[in-house]
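Right, one structure below, let's go through it.
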Amino acid sequence: MKALLFAAGKGTRLKPFTDHHPKALAKVNGVPLLERNIKYLQSFGINDFVVNVHHFGVQIVDFLIENKNFGAKIQISNEKDQLLETGGGLLFAREYLENDGDFLIMNTDILTDLNLNQLIKFHYTKNDFVTLAVSDRKSSRKLLFNEDMVLRGWQNTDSGEKRLAEPDPGFKALAFSGIHCVNPAIFGKIKRQGKFSIIDEYLDLMLSEEIRGYEHNATLIDVGRPESVLEAEKFFK
């Protein structure tokens with residue numbers, strides 16, 4: 001399975017580091033996030049990557065060259081002209097992904113010990129259009145699932161805003177973990193263009209496609225703020 005690593009973001013919450021560097025090169029116990037996640041994915045047999053870049057993208061490319069791509073095959077999806085967010089970034093990387101079967105997407109600023117083999121097996125067993133890794137943790141934005149773990153909505157717990165595919169009988173609210181398995185047929189179904197969130201697209205596609213949640217209880221840290229780097233260093237040596 002090929003993996004798309006999202007590494008293009010500006011990382012504004014990680015300032016001042018990101019005033020001069022890409023977030024993907026922020027270090028946890030001396031090891032950059034990008035290196036950690038390439039090696040994490042390699043530990044599950046994934047060695048074929050697409051890495052999207054924008055903010056200080058040249059630093060990421062140089063880092064990979066210096067480390068001989070960590071022995072992996074890595075293609076760069078360079079969003080140098082415009083940062084396209086997750087949905088636009090996926091669409092921009094289409095040429096690298098649409099002809100190689102189902103693929104995995106991961107945010108580079110996520111650190112986790114999730115067993116990817118189990119997630120991927122679940123995705124194939126259910127024959128899902130998309131499988132989203134989710135967990136019961138604190139977050140202001142939750143995805144909503146029915147009893148079969150099929151995506152039926154989204155809510156912002158702070159504002160009360162909701163998007164639903166049907167009336168809510170008591171859907172299970174879970175936080176997205178930034179890891180998803182995706183069928184390449186998605187490229188023929190995405191309606192948006194330019195800069196957009198992949199979650200917005202999923203919320204449209206849930207009306208016609210089977211998008212399912214895979215609930216896990218693995219350690220997962222969003223390394224988006226200086227204090228979360230310190231937290232991550234307790235778990236990821």
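This chain uses plain numbering: 1 for the first residue, then up along the sequence. Small disclaimer: the values here were computed from a predicted structure and weren't measured.
- A donor-acceptor contact shorter than 3.5 Å is absent between the side chain of E85 and the backbone of K195.
- Residue-environment remark: CD (E227) exceeds the threshold of 12 foreign heavy atoms within 6.0 Å.
- Of all heavy-atom pairs between Y124 and M1, the closest is OH-CE, 3.3 Å.
- S177 places no side-chain N or O within donor-acceptor distance of the main-chain N or O of I179, the cut-off being under 3.5 Å.
- Interatomic distance, CZ of F122 versus CD of E215, reported as 10.0 Å (0.5 Å rounding).
- Ring geometry for F187 versus F103: interplanar angle under 30°, hence parallel rather than tilted (30 to 60°).
- Side-chain heavy atoms closer than 4.5 Å link hydrophobic residues (I, L, V, M, F, W, Y) into clusters, and following such links, possibly through other members, connects Y96 to V182.
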Derivation of the ring-ring contact (aromatic ring centres under 6.0 Å, His included) call for F63 and F70: CA-CA 10 Å; F63 173 74; F70 299 98; 5.7 Å; yes
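- A distance-only check finds a donor-acceptor pair linking the side chain of T18 to the backbone of G11 [under 3.5 Å].
- For N52 (side chain) and L4 (main-chain N/O), no donor-acceptor pair under 3.5 Å exists by modelled atom type.
- The aromatic rings of Y40 and F44 sit perpendicular to each other, their planes meeting at more than 60°, with 30° as the lower class boundary.
- The closest donor-acceptor contact from the side chain of T108 to the backbone of F6 lies under 3.5 Å.
- Between the side chain of D113 and the main chain of A218, no donor-acceptor pair closer than 3.5 Å is present.
- No more than 12 heavy-atom neighbours from other residues, nucleotides or ligands sit within 6.0 angstrom of CG on N217.
- Taking all atoms of both residues into account, the shortest heavy-atom contact from I120 to C181 is CG1-SG, 4.0 Å.
- Between the side chain of S140 and the main chain of T157, no donor-acceptor pair closer than 3.5 Å is present.
- The pair R137-D222 does not meet the salt-bridge criterion, since no charged nitrogen lies less than 4.0 angstrom from a carboxylate oxygen.
- The heavy-atom pair separating A173 from K142 by the smallest distance is CB-CB, 3.9 Å.
- A single hydrophobic cluster is not seen to contain both F92 and I76; linkage of ILVMFWY side chains at heavy-atom distances under 4.5 Å, directly or through other members, places them apart.
- With rounding to the nearest 0.5 Å, the separation of NZ in K39 from CG in N37 is 12.0 Å.
- Taken to the nearest 0.5 Å, the CG atom of L114 stands 6.0 Å off from the OH atom of Y214.
- Test L91, T86, L90 against F196 for side chain to side chain contact (heavy atoms under 4.5 Å, CB included) and you get one pass: L91.
- Among I186, D128, L132, the single residue meeting the side chain to side chain contact (heavy atoms under 4.5 Å, CB included) criterion with I211 is L132.
- With hydrogens and angles ignored, the 3.5 Å screen pairs a side-chain donor or acceptor of T112 with a backbone N or O of T219.
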What donor-acceptor contacts under 3.5 angstrom involve side-chain atoms of residues 148-155, with partners at least two apart or in another chain?
unit_1: R152; atom_1: NE; unit_2: E166; atom_2: OE1; d: 3.0
unit_1: R152; atom_1: NH1; unit_2: M206; atom_2: O; d: 3.1
unit_1: R152; atom_1: NH2; unit_2: E166; atom_2: OE1; d: 3.1

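- Between the CG atom in D109 and the CG atom in L5 there is a gap of 11.0 Å [rounded to 0.5 Å].
- Salt bridge absent: D204 and K191 never bring a charged side-chain N and a carboxylate O closer than 4.0 Å.
- The two residues E79 and L84 come nearest to each other via the heavy atoms OE1-N, 3.0 Å.
- V53 and I65 fall within a single hydrophobic cluster, where Ile, Leu, Val, Met, Phe, Trp and Tyr side chains are chained together by heavy-atom contacts under 4.5 Å.
- Of all heavy-atom pairs between S228 and G224, the closest is OG-N, 3.1 Å.
- Atom CG of residue D102 and atom CG of residue L97 lie 11.0 Å apart, to the nearest 0.5 angstrom.
- In R141, the CZ atom is not crowded: 12 or fewer heavy atoms of neighbouring residues, nucleotides or ligands sit closer than 6.0 Å.
- Comment: E210 does not engage K126 in a salt bridge, judged by the lack of any side-chain N to carboxylate O separation of less than 4.0 angstrom.
- Linking Ile, Leu, Val, Met, Phe, Trp and Tyr whenever their side-chain heavy atoms come within less than 4.5 Å leaves I110 and L230 in two separate clusters.
- Within the model, atoms CD of Q75 and CG of N69 stand 10.5 Å from one another, a figure rounded to the nearest 0.5 Å.
- With sequence neighbours excluded, no residue satisfies side-chain hydrogen bond (donor to acceptor under 3.5 Å, both in side chains) with N146.
- Atom NZ of K237 has more than 12 neighbouring heavy atoms from other residues, nucleotides or ligands inside a 6.0 Å radius.
- When all heavy atoms of P22 and F17 are compared, the closest pair comes out as O-CE2, 3.3 Å.
- There is no path of hydrophobic side-chain contacts, each under 4.5 Å, that joins V61 to V50.
- Of the possible polar contacts, none joining the H216 side chain to the L119 backbone as a donor-acceptor pair under 3.5 Å is found.
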